[in-house]
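Position 1 is the first residue of the sequence, and the numbers go up from there.
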Amino acid sequence: MNISFECADKVNGLMTITVEKADYAEKVEKTLKDYRKKAQVPGFRPGMVPMGLIKRQYGTAVKVDEVNRLLSEKLLEYIRENKIQMLGEPLPNEEHQQPQDFEQDGPFTFVFDIAVAPEFKAELTGKDKIDYYNIKVDDKLIDDQVKMYASQAGEFVAAQEWSGNDTLKGDMRQLDAEGNTLEDGIQVEGAMVMPSYVKGEDEKKKFDGCKPGDIITFNPKKAYPDNDAEVAALLKVDKEKVKELDADFSFQITEIRHFQPAAIDEKLFERVFGEECKTEADFRARIAETIKPQLQINSDYKFVQDVRKYMEQKVGELTFPEALLKRVMLNNNKDKGEDFVEKNFKASIDELKWHLIKEQLVAANNIKVEDDDLKQMAKVATRQQFAQYGMTNIPDDVLENYAAEQLKKRENVEQFVDRAVEQKLIVALKGVVKLNTKETTLDEFNKMMREQ
């Protein structure tokens, strides 16, 4: 087998591979002998089918499979051994590749286009200065978290007058033009209305100060203008049925449900953080400790974005084999077509540039991901999932079990590897560059992120 590679402009590579009969003949012969042992051909006992018949029937297909296997193996081996940084996958060269006659013994010549990453150096030292935003845990943040925990532990109670976000339950009856209940009209038992979500202001005012037993006359279509789906859900009918509907309905209130947040007391403290949390001061201190890591995630994310922007400017413009990369992108998105490639190509190149920069930074800082790193990432992800439901005091053995289940899925493992690499890179770079630390509140930080 002969392999040659040329890359005159540094980014558009041309690889030529010639496969001789000697490269594949032994393996093809062995495979055909195995076929002969198992072949079921009428008129012949198993294992006694003439080899000539086996070759005529299977020889070409086996040869094609073996040549393709050799091509893939040797191409990747050559790229690895010669440290060629290939982008995407090899594609057959459209100009030099000739049809191959696999009925013959070869030699077979294949020509591939190889997209090669541009050469550049990405480096950070203590001379490089990058902003780092330290988000303060202030009283407002803690107050908001206290309200959230109180809300999660709250319950619905009966109220005697509507206020705020209360839910009204009652019976609805469609009315005729004179305001009487329409015979065979739409009727809904136990309809649920939240006046605070009514869009029509005139209709919303009709619910002010209402009490159980009151009868409200309102028009659902005017209450939810341009939202037939909402009206259909309220009236429990098909959406098509409400298109031309413009009738008033009576709504007799049978119940007002008021959401009552839990009291901020020892019961709530223990519910959230366990029996060791007894006082409001302890509660707020524990909340502050739980908020800090979440805020650091935000700060670190911004830091990575700033590192990216800084490095892209420092590295400058890079030359990519754009025509070839567009072919690769089109080959991977055949169902989406050339318009998709043109529309998304610039963003794809931007991401590719950052990926190549980040690869160099990872290598320069000797970052490696071990099994324990993946386990910790899985536990962090599990803890975050529980936290979404207000469950913060999860025993470690429960986290271990959930994390182990997540690591059984390959897509999760790949995600955890990426997250572990980025987390380690953040830690490393914060120790390498000169941090320009800036104190900020979460509101200020969020405003800054929205403006970017």
Positive for side chain to side chain donor-acceptor pair (under 3.5 Å) with Asp113, one of Arg327, His96, Gln97: Arg327
Once salt bridge (charged side-chain N to carboxylate O under 4.0 Å, His left out) is applied, do any residues pair with Asp214, and if so which ones, sequence neighbours excluded? none
Please collect all salt bridge (Lys or Arg N to Asp or Glu O under 4.0 Å) contacts where either partner lies in residues 355-369, sequence neighbours excluded, each pair once. Lys358-Glu422
Is the shortest side-chain N to carboxylate O distance from Lys206 to Glu203 below 4.0 Å? yes
Suppose we screen for side chain to side chain contact (heavy atoms under 4.5 Å, CB included). Which residues come up paired with Glu444, at least two apart in sequence or across chains? Thr440, Thr441
Does any non-hydrogen side-chain atom of Arg383 lie less than 4.5 Å from one of Leu399? yes
Answer yes when Arg69 and Asp65 have at least one side-chain N-carboxylate O distance shorter than 4.0 Å, and no when they do not. no
So, Glu123 and Lys314, do they make that salt bridge, N to O below 4.0 Å? no
Please tabulate, for side-chain N and O atoms in residues 252-262, each donor-acceptor pair with protein atoms closer than 3.5 Å (sequence neighbours left out).
unit_1 : atom_1 : unit_2 : atom_2 : d
Thr254 : OG1    : Lys169 : O      : 3.0
His258 : ND1    : Asp166 : OD1    : 2.6

Backbone N or O of Met172 within a donor-acceptor pair of the Glu189 side chain at under 3.5 Å? no
Intermediate values then yes/no, side chain to side chain contact (heavy atoms under 4.5 Å, CB included), Leu124 and Tyr310: CA-CA 10 Å; Leu124 283 170; Tyr310 180 86; 3.8 Å; yes
In a check of side chain to side chain contact (heavy atoms under 4.5 Å, CB included) between Gln174 and each of Asp184, Val188, Leu245, which one passes? Leu245
Look only at the side chain of Ser299 and the backbone of Leu295, and say whether a donor-acceptor pair between them is shorter than 3.5 Å. yes
Backbone of Lys199 reached by a side-chain donor or acceptor of Lys222 within 3.5 Å: no
Listing request: all side-chain hydrogen bond (donor to acceptor under 3.5 Å, both in side chains) pairs with a residue in residues 406-415, at least two apart in sequence or in separate chains. Thr382-Gln406, Glu405-Lys408, Arg410-Glu414
Who pairs with Glu322 by salt bridge (charged side-chain N to carboxylate O under 4.0 Å, His left out), at least two apart in sequence or on another chain? none
Is any NZ, NE, NH1 or NH2 atom of the basic residue among Lys438 and Asp131 found under 4.0 Å from an Asp or Glu carboxylate oxygen of the other? yes
For the residue pair Phe320 and Leu352, what are the closest heavy atoms and their distance? CE2-CD2, 3.6 Å
Please list, chain by chain and in numerical order, all residues satisfying salt bridge (charged side-chain N to carboxylate O under 4.0 Å, His left out) with Lys336, sequence neighbours excluded. none
Considering only residues two or more places apart or on different chains, which pairs with a residue in residues 137-153 satisfy salt bridge (Lys or Arg N to Asp or Glu O under 4.0 Å)? Asp139-Arg284, Lys140-Asp144, Lys140-Asp443, Asp143-Arg284
Results of side chain to side chain contact (heavy atoms under 4.5 Å, CB included) for Lys424 - residues two or more places apart only: Ile367, Asp373
Residue list, side chain to side chain contact (heavy atoms under 4.5 Å, CB included) with Ala61, at least two apart or on another chain: none
Going by side chain to side chain contact (heavy atoms under 4.5 Å, CB included), name the residues that satisfy it together with Glu342, two or more places apart in sequence or in a different chain. Lys326
Under a 4.0 Å threshold between the charged nitrogen and the carboxylate oxygen, would Glu400 count as salt-bridged to Lys379? yes
Mind checking what makes ring-ring contact (aromatic ring centres under 6.0 Å, His included) contact with Phe207, not counting sequence neighbours? Phe218
